[in-house]
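Have a look at the structure below before the remarks.
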Amino acid sequence: SLAERLQATFQKLRGRGKLSEADVTAALREIRLALLEADVNFKVVKDFVDKVKSRAIGQEVLQSLTPAQQVIKIVYEELTALMGGSQSKLIFASHPPTVILMVGLQGSGKTTTAAKLARFLTRQGHRPLLAAADIYRPAAIKQLQVLGGQLGVPVFSLGDEVKPPAIAGAAVEHARSQGRDVVIVDTAGRLHIDAEMMAELAEIKHAVSPHEILLVLDAMTGQDAVRVADEFHRQLNLTGVILTKLDGDARGGAALTVRAVTGCPIKFIGVGEKAGALEAFHPERLAARILG
Amino acid sequence: IGRHKNFDDNFFEELEEILLTADVGMKITLELVGRLKERVRREKLSDPGLAYNILQEEVASILDKGTSRLREAAQPPTVILVVGVNGSGKTTTIGKLAYQYKLGGKKVILAAADTFRAAAGEQLGVWAQRAGAELIRHQEGADPAAVAFDAIQAARSRRADVVLIDTAGRLQSKVNLMEELKKIQRVIAREIQEAPHEVLLVLDATTGQNGLSQARIFREAVGVTGIVLTKLDGTAKGGVVLAIGAELGLPVKLVGLGEKITDLREFSPQDYAAALFS
Ligand SMILES: Nc1nc2c(ncn2[C@@H]2O[C@H](COP(=O)(O)OP(=O)(O)OP(=O)(O)O)[C@@H](O)[C@H]2O)c(=O)[nH]1
Ligand SMILES: Nc1nc2c(ncn2[C@@H]2O[C@H](COP(=O)(O)OP(=O)(O)OP(=O)(O)O)[C@@H](O)[C@H]2O)c(=O)[nH]1
Ligand SMILES: [Mg+2]
Ligand SMILES: [Mg+2]
């Protein structure tokens with residue numbers, strides 16, 4: 001573990017009382033390795049390590065801690081501060097319906113997460129409507145209908161021959177007429193470099209002015225997270241992120257990358273395949289997981 | 001990296017960044033940089049422009065395992081089990097593969113052994129139709145091993161050439177789900193000697209270092225014989241396949257380059273190595 005590796009590093013150093021530059025530089029080498037192993041983006045790691053370095057040098061080593069533990073404490077606090085500290089609650093419209101747009105790469109968990117959100121909102125006393133705006137993936141509409149059916153949440157669909165922006169617009173109208181106060185729009189997975197598909201998202205946004213645009217990101221995503229997050233944010237102005245498949249053993253460093261690059265809060269985490277497997281995001285827990 | 005004037009620290013730092021950013025991982029990155037440094041020293045190289053060729057050779061040699069050809073059974077049917085974590089592209093890959101076999105004049109049967117996820121059977125059904133393959137499906141919640149068993153019986157009685165078995169996505173850390181997969185593999189092996197003839201691990205190119213753990217655990221569980229690297233049409237390079245090749249000896253056999261039925265290609269170590277540095 002990182003703690004053990006740092007301990008070993010510090011065995012070799014004399015530093016006691018205050019953290020010397022030598023102490024910190026040696027420790028940061030291990031920390032950089034741990035963060036890269038955890039899939040945090042290369043440049044994000046560099047910036048983060050520089051930040052920790054300036055905070056750590058000259059710091060008093062607390063009586064109860066070893067130098068190694070002192071550095072870890074600083075790293076853990078910096079990571080937690082970086083990933084937390086902002087509005088991680090859902091934004092609701094002052095006049096319903098609230099519109100939530102789910103976006104992201106292929107296979108990240110958007111459809112499953114849309115259903116999870118619908119269940120979460122229902123339990124909070126809302127009346128959500130799911131909108132099937134993925135007209136491309138085979139049986140995508142059916143998938144959402146099955147999930148909605150299991151939850152007793154209505155699913156709005158115009159089939160696969162009406163364009164997604166029109167489907168989203170009609171879904172919002174339908175919600176108004178049916179007294180549904182939240183519309184969750186499921187969209188097709190797409191590449192951030194697919195101009196046509198990214199333009200489609202911009203059109204959906206223009207059609208329904210979402211209150212939340214949530215990037216659904218797989219926790220096992222590697223270095224590419226920086227490009228994905230940057231592009232989706234640049235083109236759509238994301239309001240939040242949902243990190244999925246955290247019930248696996250991926251360290252989840254992509255979370256730090258996305259936060260650093262977009263400044264967006266992580267609003268929820270997916271921890272399983274069932275509709276109930278959605279949890280609130282706890283920055284200190286993810287910080288510990290990333291550090292390994 | 002070709003624009004550097006000599007093999008100085010800046011050059012090697014930039015090379016390290018290229019490799020790490022491609023998800024190659026620290027271990028293999030240090031190895032590749034080390035090998036290059038050794039060659040620079042030994043062959044007294046001074047022009048970094050040569051580095052590209054050297055690196056491409058090194059990468060291709062890590063990935064070259066002889067052949068990307070999928071194994072064919074001595075007698076039909078050839079049975080191919082498709083496994084991997086959630087959302088990696090298994091079902092879509094099976095559709096593409098079925099189409100390839102069909103183009104080659106083969107009779108293909110698809111087994112919908114993902115009996116768990118919403119509309120999984122319907123999704124595979126669409127691909128079966130597009131590829132001109134037959135589908136074997138049970139009701140939702142059925143035993144996946146039973147679907148695999150039925151598909152093999154159907155392949156025998158209908159004289160099919162290939163059976164492609166789709167399974168539910170599962171995270172490798174879920175012991176009970178890995179046990180379910182082992183059971184599917186046992187049932188296949190009991191029915192046909194030497195089967196499954198291929199066990200393909202479908203790996204998303206955007207996956208980071210967790211890909212190595214996926215390969216390790218899936219191989220230990222069901223004897224993975226090859227990797228299908230999907231979504232290479234994005235910006236991710238899937239560099240974790242280098243560690244998988246170096247540490248586990250597993251070859252990449254196929255690459256997914258899009259969502260259409262024709263977006264599947266045989267893996268070429270040379271093409272991959274070239275793309276890594278472009
Ligand atoms: N273990 C686990 N699996 C998840 C989680 N979220 C989603 N999945 C699974 O991931 C796979 C993909 O989920 P989908 O909801 O179809 O993903 P998607 O983003 O809608 O996919 P596309 O529409 O094709 O882009 C499915 O097998 C889901 O059950 C999670 O938090 N944990
Ligand atoms: N761009 C791109 N998308 C792909 C590729 N292969 C699959 N996909 C997409 O990835 C998403 C998930 O594909 P699936 O075939 O459902 O993945 P799966 O592994 O069967 O998913 P589960 O059964 O839920 O675990 C779909 O939107 C596919 O269209 C590829 O090579 N390139
Ligand atoms: Mg979907
Ligand atoms: Mg599938």
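Proteins come first, then strands; the chains are lettered A, B, ... in the order of their sequence lines, and each starts at number 1.
There is no contact between A:Gln145 and chain B, counting heavy-atom distances below 4.5 Å. Heavy atoms closer than 4.5 Å to chain B are found nowhere in A:Asp194, neither backbone nor side chain. At a 4.5 Å heavy-atom cutoff, the contact between A:Arg32 and chain B is made by side-chain atoms alone. In this structure, chain B has no heavy atom under 4.5 Å from any part of A:Leu144. Contacts of B:Val240 with chain A are absent, with no heavy-atom separation under 4.5 Å from either backbone or side chain. With a 4.5 Å cut-off on non-hydrogen atoms, B:Glu140 touches chain A through its side chain but not through its backbone. Within the 4.5 angstrom heavy-atom criterion, only side-chain atoms of B:Ser213, from C-beta onward, approach chain A. Heavy atoms of A:Arg251 lying under 4.5 Å from chain B are absent altogether.
From B:Arg117, atom CZ reaches atom CG of A:Leu147 across 8.5 Å, with rounding to the nearest 0.5 Å. For the atom pair CG of B:Asn210 and CG of A:Asp218, the computed distance is 9.0 Å after rounding to the nearest 0.5 Å. Taken from CD in B:Glu259 to CD in A:Gln106, the straight-line distance is 4.0 Å, to the nearest 0.5 Å.
B:Glu13 and A:Lys46 are not joined by a salt bridge, as no carboxylate oxygen comes within less than 4.0 angstrom of a charged side-chain nitrogen.
The shortest non-hydrogen separation linking B:Gln209 to A:Leu36 is CG-O, 4.5 Å. When all heavy atoms are compared, the tightest approach of A:Gly222 to B:Asp23 is CA-OD1, 3.5 Å. For the residue pair A:Glu273 and B:Gly169, the shortest heavy atom distance occurs at OE2-O, 3.8 Å. When all heavy atoms are compared, the tightest approach of B:Asp233 to A:Ile193 is O-CD1, 3.5 Å. Of all heavy-atom pairs spanning B:Asn86 and A:Lys245, the tightest one is O-NZ, 2.9 Å. Between B:Ala119 and A:Ala139 the shortest heavy-atom distance is CB-O, 3.8 Å.
Ranking A:Met220, A:Gln150, A:His192 against chain B, the residue ahead of the rest is A:Met220, based on heavy-atom pairs under 4.5 Å. Ranking B:Leu124, B:Thr21, B:Thr235 against chain A, the residue ahead of the rest is B:Thr235, based on heavy-atom pairs under 4.5 Å. Among A:Val146, A:Leu191, A:Thr112, the residue with the largest count of heavy-atom pairs under 4.5 Å with chain B is A:Leu191.
Within a 6.0 Å radius of NZ in B:Lys182, other residues, nucleotides and ligands contribute more than 12 heavy atoms. More than 12 heavy-atom neighbours from other residues, nucleotides or ligands sit within 6.0 angstrom of CZ on B:Phe267.
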Subject >> side-chain contact (heavy atoms from CB on, under 4.5 Å) between B:Gln123 and A:Lys142, intermediate numbers included >> reply: CA-CA 9 Å; B:Gln123 183 188 10; A:Lys142 188 84 208 306; over 6 Å; no
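Looking at heavy atoms from C-beta onward, B:Glu17 lies in side-chain contact with A:Lys43 at the 4.5 angstrom threshold.
Among the residues in residues 171-180 of chain B, those with a non-hydrogen atom closer than 4.5 angstrom to a non-hydrogen atom of chain A are B:Leu171, B:Gln172, B:Ser173, B:Lys174. Contacts from residues 113-123 of chain A to chain B, taken as heavy-atom pairs separated by less than 4.5 Å, involve no residues at all.
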